[in-house]
Amino acid sequence: MASGPTFSFSILQRRADMKKKLTELLEKAIYSCFTQGTLHETVIPSIEVELPREGAHGDYASNIAMMLASGQRRPPRKIAESIVESIDDSAKILDKVEIAGPGFINFFIKGSAWAALLKEVDALGDKYGQSAMGMGSKIQVEFVSANPTGPLHIGHARGAVIGDVIAGILRASGFSVSREYYINDAGNQMNTLGESVYYRYLGLMGETISFPETCYQGAYITDLAREVRDTYGDTFLKSGKEAAVPFMTDYAAGSILEGIKEDLETLGVVFDRYFSEKELYRDNKVSKIIEKLRNERFIYEEEGTLWFKTTDFGDEKDRVVVRGNGDPTYFAADIAYHLNKYERGFDRIINVWGADHHGYIPRMQACVQALGRKKEDLDVVLVQLVNLLRGGVPVPMSTRAGEFVTIREVTDEVGRDAARYNFLMRRSNSHLDFDLEIAKAQSNENPVYYVQYAHARICSIMRNAVEQGHRIPVYGDISLDLLAAPEEHELIKMIDTFPEIVEGSAQALEPHRIPYYINDLASVFHSFYNKHKVVSDNIALTQARLFLIKSTGIVIRNALRLLGVSAPERM
RNA sequence: GCGCCCAUGGCUCAGCUGGAUAGAGCGUCGGACUACGAAUCCGAAGGUCGAAGGUUCGAAUCCUUCUGGGCGUACCA
């Protein structure tokens with residue numbers, strides 16, 4: 001079931017980070033130029049404020065003068081001058097403003113303005129980083145959706161974690177999100193599963209059979225056959241194949257699915273709903289939608305088969321929905337399934353697929369449009385395959401031969417935190433090298449520890465401070481001016497960026513931005529730590545710095561929570 | 001053949017949807033613990049952003065062509 005956001009919209013909408021404050025200053029300044037006549041009245045392009053790489057370019061910079069140049073027909077630097085003259089810094093956050101290069105406006109922030117940004121971190125606590133961007137709109141994220149014909153392998157694991165975290169990030173961004181697993185439990189591969197178990201069963205019962213090549217080869221098939229034998233004895237020897245195979249199919253699918261659920265749980269992935277393909281057939285959903293689309297001329301008959309006119313929507317060729325023998329294709333069920341999703345009220349649906357399914361996208365987009373939705377109502381996130389390595393050497397895998405490393409084996413070996421973090425570190429659209437030795441290394445080679453260590457270190461300092469009789473301060477307790485060192489400003493600036501990172505990540509459906517962000521945050525924190533002593537004889541300064549690291553800890557914790565990775569207090 | 005994805009220091013990868021002198025980590029070299037956790041920090045070396053054109057004030061980013069890799073091109077899922 002979809003659950004709504006748990007935060008208060010009003011609090012979050014009031015939040016303004018430094019970029020937003022500067023954007024507003026610029027906007028007002030430009031309007032003021034219009035009324036003064038120093039600029040021609042034109043449409044204002046969206047104002048971008050960015051973090052310059054170079055410290056000499058200020059704390060923040062905007063290219064708005066360059067953006068306005070063509071409309072104003074004046075050199076960008078002149079435009080920048082007019083804008084800067086009109087800036088009204090009544091809140092006194094600016095130390096100085098410079099015009100540089102081709103027309104950048106560079107902002108230098110007043111020292112005391114920095115610490116004020118931490119007020120909201122303290123006020124929001126666990127909720128810092130959440131936003132109301134989604135306005136409660138309903139999104140479904142469908143992922144994994146592997147056939148219950150065998151255990152999940154490492155590629156599924158990556159998709160599972162990425163889907164899970166996308167869902168989490170969207171939820172934190174104010175969407176109402178539901179995680180769903182589509183079980184492909186209809187179709188002929190399920191029959192093959194049943195046959196596979198059946199033949200192994202025959203083998204175990206002493207029959208001489210040649211196990212078909214087309215059947216699933218894995219050892220787990222024999223395990224299932226053994227379970228059947230132990231429970232039911234020779235029942236299915238007598239019953240004949242026609243009666244035995246459907247039973248084997250159900251038995252195996254049920255058992256494998258349970259295993260899949262358990263494995264996902266060890267990875268920290270839990271679904272709101274498992275949706276069975278069989279349900280669609282049982283309720284005649286497939287035939288109904290085919291009939292409807294046929295009446296609407298999206299589906300036509302040719303030589304005894306039914307075709308979906310996906311070319312109407314830009315697909316390369318039309319696609320079969322019902323075969324010549326009367327069997328519907330996987331695509332047919334998928335049409336019914338996606339219709340069902342929209343009928344359940346999802347404003348937008350996101351499918352996380354293995355990259356080898358990319359050829360399927362055009363027909364699915366055609367499908368949603370034929371169903372009367374916009375193309376944008378369906379997003380497909382492609383997850384590239386995983387190369388599993390051990391100490392730099394590829395681990396051979398062949399699904400057909402049943403030789404693969406399962407999710408369970410990976411999580412058992414490297415642990416949930418390391419597994420998840422490693423899956424999330426790369427853009428989902430690029431190949432991932434997953435090295436078991438690095439992932440389980442308790443060393444600096446393993447990136448997850450870098451971040452967790454920062455958190456543990458913060459907790460340790462705070463424990464230490466409390467032991468020495470210090471109080472852990474809240475915002476009102478500290479003197480903002482004391483946080484004056486460049487390292488402190490850097491740290492605050494990073495903290496201030498977090499909500500924007502989450503929003504961007506949600507908007508782009510790119511979870512990897514979060515690990516990169518926390519890594520940077522941890523790095524800035526470690527630098528600060530090495531340069532400055534938090535707990536000292538100077539009580540006021542100690543309070544201010546304790547507050548700073550407390551805020552840092554909140555952000556690391558919130559970010560790790562989004563990733564489903566723990567934030568240990570000791571390690 | 002056609003379509004999609006990828007190409008950035010020795011290796012693995014970021015690059016905020018077009019911004020200023022392209023960044024991390026690992027590896028290499030050199031430094032920092034009688035101080036709150038050295039799983040850390042500081043510094044150095046290392047790149048013509050696969051190639052060639054084009055778009056404009058400005059390109060790793062957008063367009064075209066080419067090269068090299070992955071995947072897909074079923075009445076399989």
Side-chain angles (χ1 to χ4, degrees), chain A residues 48 50-54 56-57 61-63 66-67 69-70 75-76 100-104 106 145-147 149 184 186-190 192 277 303-307 316-317 319-331 333-334 354-362 382 384-385 392 425-427 429-433 435 438 441-450 452-454 456-465 467-468 497 500-501 504-505 507-508 510 512-513 515-517 519-520 522-523 525-536 542 545-546 549 570-571:
Chain A
E48 309 270 338
E50 58 175 25
L51 296 166
R53 256 191 289 274
E54 288 290 315
H57 296 148
S62 179
N63 63 353
M66 281 120 86
M67 302 290 284
S70 63
F104 287 101
N106 295 337
S145 299
N147 304 336
T149 55
N184 296 130
N188 51 27
Q189 86 279 1
M190 294 310 293
T192 305
E277 182 183 1
E303 293 170 15
T305 74
L306 293 182
W307 297 78
E316 295 177 327
K317 50 174 284 193
R319 307 293 174 175
V320 172
V321 286
V322 179
R323 302 184 185 96
N325 67 6
D327 287 346
T329 59
Y330 174 86
F331 181 44
D334 237 358
D356 52 337
H357 287 65
H358 73 258
Y360 207 75
I361 296 176
L382 293 178
Q384 285 288 352
L385 303 181
M425 279 188 334
R426 305 263 175 273
R427 226 168 67 236
N429 205 2
S430 64
H431 291 266
L432 170 70
D433 285 343
D435 195 309
I438 291 177
Q442 306 266 325
S443 74
N444 59 355
E445 275 180 303
N446 197 340
V448 66
Y449 291 111
Y450 183 78
Q452 290 184 319
Y453 181 69
R457 189 178 237 182
I458 287 167
C459 293
S460 171
I461 299 168
M462 303 224 287
R463 278 193 302 268
N464 213 291
E467 271 173 34
Q468 292 181 34
T497 312
E500 178 191 329
I501 297 292
S505 180
Q507 210 146 16
E510 290 183 352
H512 74 277
R513 296 187 188 192
Y516 275 94
Y517 166 78
N519 205 272
D520 286 348
S523 166
F525 166 73
H526 284 310
S527 296
F528 157 78
Y529 170 87
N530 275 279
K531 185 111 187 238
H532 303 284
K533 194 122 162 60
V534 174
V535 180
S536 69
T542 299
R545 287 184 173 159
L546 279 173
I549 68 165
R570 289 187 169 85
M571 46 193 293

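Reminder, nothing fancy here: chain letters follow the sequence lines and each chain counts from 1.
The gap from the C1' atom of B:rG58 to that of B:rU12 amounts to 31 Å, rounded to the nearest Å. Taking atom C1' on both nucleotides, B:rG10 is separated from B:rG46 by 9 Å, rounded to a whole Å. If you take atom P in B:rG31 and the same atom in B:rG68, they sit 47 Å apart, rounded to whole Å. Rounded to whole Å, the separation between the P atoms of B:rC16 and B:rC62 comes to 10 Å. Comparing the same atom, P, in B:rU61 and in B:rC6 gives a spacing of 13 Å after rounding to whole Å. Rounded to whole Å, the P atom of B:rG30 lies 40 Å from the corresponding atom of B:rG70. Nucleotides B:rC4 and B:rC49, compared at atom P, are 25 Å apart to the nearest Å. To the nearest whole angstrom, the two C1' atoms, one in B:rC5 and one in B:rA38, are 42 Å apart.
A:Q189 comes within contact range of the sugar-phosphate backbone alone, with a heavy-atom separation under 4.0 Å but no base atom that close. Here A:A456 lies in heavy-atom contact (under 4.0 Å) with a base. A:G324 comes within contact range of at least one nucleobase, with a heavy-atom separation under 4.0 Å. Nucleic acid contact for A:N63: base, since at least one base atom lies under 4.0 Å from a heavy atom of the residue. Nucleic acid contact for A:D334: none, since no nucleic acid atom lies under 4.0 Å from a heavy atom of the residue. Across all strands, A:R319 comes closer than 4.0 Å to no nucleic acid atom at all (heavy-atom distances). A:S430 comes within 4.0 angstrom of the backbone, heavy atoms only, and of no base. No engagement by A:A465 is indicated, since no non-hydrogen atom pair under 4.0 Å with the nucleic acid exists. A:E500 comes within 4.0 angstrom of no nucleic acid atom, judged by non-hydrogen atoms across all strands.
Glycosidic conformation of B:rU67: anti, with the torsion beyond 90° of 0. Syn is the conformation of B:rC33, whose glycosidic angle sits no further than 90° from 0.
Base pairing of B:rG46 is not made with any nucleotide, judged by Watson-Crick or G-U wobble geometry with both donor-acceptor distances under 3.5 Å. Within the shown strands, B:rU67 is the pairing partner of B:rA7 under the Watson-Crick or G-U definition, both distances less than 3.5 Å. Within the shown strands, B:rU12 is the pairing partner of B:rA24 under the Watson-Crick or G-U definition, both distances less than 3.5 Å. Base pairing of B:rC2 is made with B:rG72, judged by Watson-Crick or G-U wobble geometry with both donor-acceptor distances under 3.5 Å. Nucleotide B:rU61 forms a pair with no other nucleotide shown, judged by Watson-Crick or G-U wobble geometry with both contacts under 3.5 Å.
With contacts defined as side-chain heavy-atom distances shorter than 4.5 Å, the pair A:N63/A:E48 qualifies. In this structure the side chain of A:I458 never reaches within 4.5 angstrom of the side chain of A:Y529, judged on heavy atoms. Taking 4.5 Å as the limit, some side-chain heavy atom of A:F104 sits within range of a side-chain heavy atom of A:P102. Taking the side chain as every heavy atom from C-beta outward, A:L382 and A:I361 approach each other to under 4.5 Å. A heavy-atom distance below 4.5 Å is not found between the side chains of A:F331 and A:V320.
Stacking between A:F104 and B:rA20 is present: the aromatic ring centre lies within less than 5.5 angstrom of the base six-membered ring centre, and the two planes differ by under 30 degrees. Stacking here means ring centres nearer than 5.5 Å and ring planes tilted less than 30 degrees, and by that measure A:H357 stacks onto B:rA77.
Nearest-nucleotide positions on RNA chain B for A:A61 and A:I461 put A:A61 closer to the 5' end. Projected onto RNA chain B by closest heavy-atom contact, A:Q384 and A:N325 fall at different nucleotides, the more 5' of which corresponds to A:Q384.
Between the side chain of A:T542 and the backbone N or O of A:V535 there is no donor-acceptor pair closer than 3.5 Å. Of the possible donor and acceptor atoms, one in the side chain of A:N446 sits under 3.5 Å from a partner among the backbone N and O of A:I438. A donor-acceptor pair under 3.5 Å links the side-chain atoms of A:H358 to the main chain of A:A355, judged by distance alone.
Nucleotide B:rA77 holds its C1' atom 13 Å from the CZ atom of A:F331, rounded to whole Å. The NE2-P distance, from A:H358 to B:rC5, rounds to 8 Å in whole Å. Rounded to an integer number of Å, the gap from OH of A:Y360 to C1' of B:rA74 is 12 Å. Counting to the nearest Å, the P atom of B:rU61 and the CD atom of A:E50 are 17 Å from each other. The distance between atom CD of A:E316 and atom P of B:rG72, rounded to the nearest whole Å, is 14 Å. Going from atom CG of A:L385 over to atom P of B:rC5 covers 16 Å, rounded to whole Å. One atom, CG of A:D435, and another, C1' of B:rG25, lie 15 Å apart when rounded to the nearest Å. The CD1 atom of A:I501 sits 12 Å away from the C1' atom of B:rA14 (whole-angstrom rounding).
Going from atom CG of A:L432 over to atom CD of A:Q384 covers 10.5 Å, rounded to the nearest 0.5 Å.
Dashed line: the shortest gap from a side-chain N or O of A:R427 to OP1 or OP2 of B:rC5 is not under 4.0 Å. Distances shown here put every side-chain N or O of A:R53 at or beyond 4.0 Å from the OP1 or OP2 atom of B:rC16.
The side chain of A:N429 approaches B:rC6 more closely than any other nucleotide in the set B:rG19, B:rC6, B:rU17. In the set B:rU12, B:rG19, B:rG15, B:rU12 carries the atom at the smallest distance from any side-chain atom of A:R426. The side chain of A:V534 lies closest to B:rC36 when the candidates are B:rC5, B:rG19, B:rC36. Comparing B:rG70, B:rA74, B:rA77 by their nearest atom to the side chain of A:N147 picks out B:rA77. Distances from the side chain of A:R570 to the nucleotides B:rU21, B:rG70, B:rG37 place B:rG37 closest.
Taking all atoms of both residues into account, the shortest heavy-atom contact from A:H532 to A:R545 is ND1-NH2, 3.5 Å. Closest approach of A:Y450 and A:N519 over heavy atoms only: CE2-O, 3.7 Å. When all heavy atoms of A:E277 and A:N184 are compared, the pair lying nearest together is OE1-CA, 3.2 Å.
The base of B:rA20 sits within donor-acceptor range of the side chain of A:N106, with an N or O pair under 3.5 Å. Between the side chain of A:D356 and the base of B:rG72, no donor-acceptor pair under 3.5 Å is found.
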Every protein N/O lying under 3.5 Å from an N/O of nucleotides 38-47 of chain B:
| from | atom 1 | to | atom 2 | distance (Å) |
| --- | --- | --- | --- | --- |
| B:rA38 | OP2 | A:R457 | NH2 | 2.3 |
| B:rA38 | OP2 | A:Y529 | OH | 3.4 |
| B:rU40 | O2' | A:R457 | NH1 | 3.1 |
| B:rU40 | O2' | A:N530 | ND2 | 3.0 |
| B:rC41 | OP1 | A:Y450 | OH | 2.4 |
| B:rC41 | O4' | A:N530 | ND2 | 2.9 |
| B:rC41 | O3' | A:S527 | OG | 3.3 |
| B:rC42 | OP1 | A:S527 | OG | 2.8 |

